[in-house]
Undergrad: 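Here it is, the structure in full.
Residues: numbered from 1 along the sequence shown.
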Amino acid sequence: MRLSPLEHFALEKLLVNAGASFWECDQERFQVLARERTNAGFYAVVLSQGGLEQVRRHQELCLTFTHFALRRGGYFVCWIEDDTTFCLEAVANQQDWPSDLSLIDIRCTG
């Protein structure tokens, strides 16, 4: 499966913050092996065809964000499982994840 637009957005922001170049975040490099929606957000298990060299195995990358649909905000987090696989997760802070979250209204805060 391909990354969803929200997954790609989160992954790109996380990897660029970790030192990856923009081209290393190309959608074609990633394949979603599993995806699950939860009450508080979602997680995906992703296979990478390169571009993760700047991230140490088991290092956790985290990025907080705000959105008008999430009055307490939320965060994206990913961690490398092995040389080619990582987990990507989105979590709403102490609230349910909205049914629709527009990318244009996400403001990354840290």
Undergrad: Test of understanding: with side-chain contact (heavy atoms from CB on, under 4.5 Å), list the residues that count as partners of Tyr43, not counting sequence neighbours.
TA: Glu36, Thr38, Glu89
Undergrad: So, using ring pair (Phe, Tyr, Trp, His ring centres under 6.0 Å) as the criterion, who are the partners of Phe65 when residues are at least two apart?
TA: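 Only Phe76 meet the ring pair (Phe, Tyr, Trp, His ring centres under 6.0 Å) criterion with Phe65.
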Undergrad: May I have the step-by-step check of side-chain contact (heavy atoms from CB on, under 4.5 Å) for Leu14 and Leu88, ending in yes or no?
TA: CA-CA 10 Å; Leu14 288 162; Leu88 172 66; 3.7 Å; yes
Undergrad: Assigning hydrophobic clusters by single linkage (Ile, Leu, Val, Met, Phe, Trp, Tyr; side-chain heavy-atom cutoff under 4.5 Å), is Leu103 placed with Leu101?
TA: yes
Undergrad: How close do Val45 and Cys87 get, counting heavy atoms only, and between which atoms?
TA: CG2-SG, 4.3 Å
Undergrad: Is there a chain of hydrophobic side chains (I, L, V, M, F, W, Y, each step under 4.5 Å between heavy atoms) that links Met1 to Phe42?
TA: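 Same cluster.
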Undergrad: Do Leu11 and Phe30 come close enough that some side-chain heavy atom pair is under 4.5 Å?
TA: yes
Undergrad: Over all heavy atoms of both residues, which pair between Arg71 and Gln95 is shortest? Give the atoms and the distance, please.
TA: N-OE1, 3.4 Å
Undergrad: With no hydrogens and no angle check, do the side chains of Thr109 and Thr66 hold a donor and an acceptor under 3.5 Å apart?
TA: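 The criterion, which ignores hydrogens and geometry beyond distance, is not satisfied for Thr66 and Thr109.
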Undergrad: I need the minimum non-hydrogen distance between Ile106 and Leu6, along with the two atoms involved.
TA: CD1-CD1, 3.7 Å
Undergrad: Can you sort out the partners of Arg37 under salt bridge (Lys or Arg N to Asp or Glu O under 4.0 Å), two or more places apart, ordered by chain and number?
TA: none
Undergrad: Identify the heavy atoms of Cys108 and Leu63 that sit nearest to each other, and give their distance.
TA: SG-CD2, 3.6 Å
Undergrad: Should Glu60 and Val77 count as side-chain neighbours, where that means a heavy-atom distance under 4.5 Å?
TA: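 SC-SC contact between Glu60 and Val77 confirmed.
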Undergrad: Look at the side chain of Arg35 and the backbone N and O of Ala44, then say whether any donor-acceptor pair between them is shorter than 3.5 Å.
TA: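 Such a contact is absent between Arg35 side chain and Ala44 backbone.
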Undergrad: Measuring from Leu15:CG to Leu61:CG, what's the distance to the nearest 0.5 Å?
TA: 6.5 Å
Undergrad: Hey, is the main chain of Ser102 close enough, under 3.5 Å, to the side chain of His67 for a donor-acceptor pair?
TA: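 Pair found, side chain donor or acceptor close to backbone of Ser102.
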Undergrad: If you measure from CG on Asn93 to OG1 on Thr64, what distance do you get to the nearest 0.5 Å?
TA: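 The CG atom of Asn93 sits 8.5 Å away from the OG1 atom of Thr64.
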Undergrad: Where is the tightest heavy-atom contact between Leu70 and Asp96, given as atom of each residue plus distance?
TA: CD2-O, 3.8 Å
Undergrad: Do you know the tightest heavy-atom contact between Ser48 and Phe86?
TA: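 Minimum heavy-atom separation between Ser48 and Phe86: CB-CE2, 4.0 Å.
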Undergrad: Taking the basic N atoms (NZ, or NE/NH1/NH2) and the acidic carboxylate oxygens, is any pair closer than 4.0 Å for Glu7 and Arg2?
TA: no
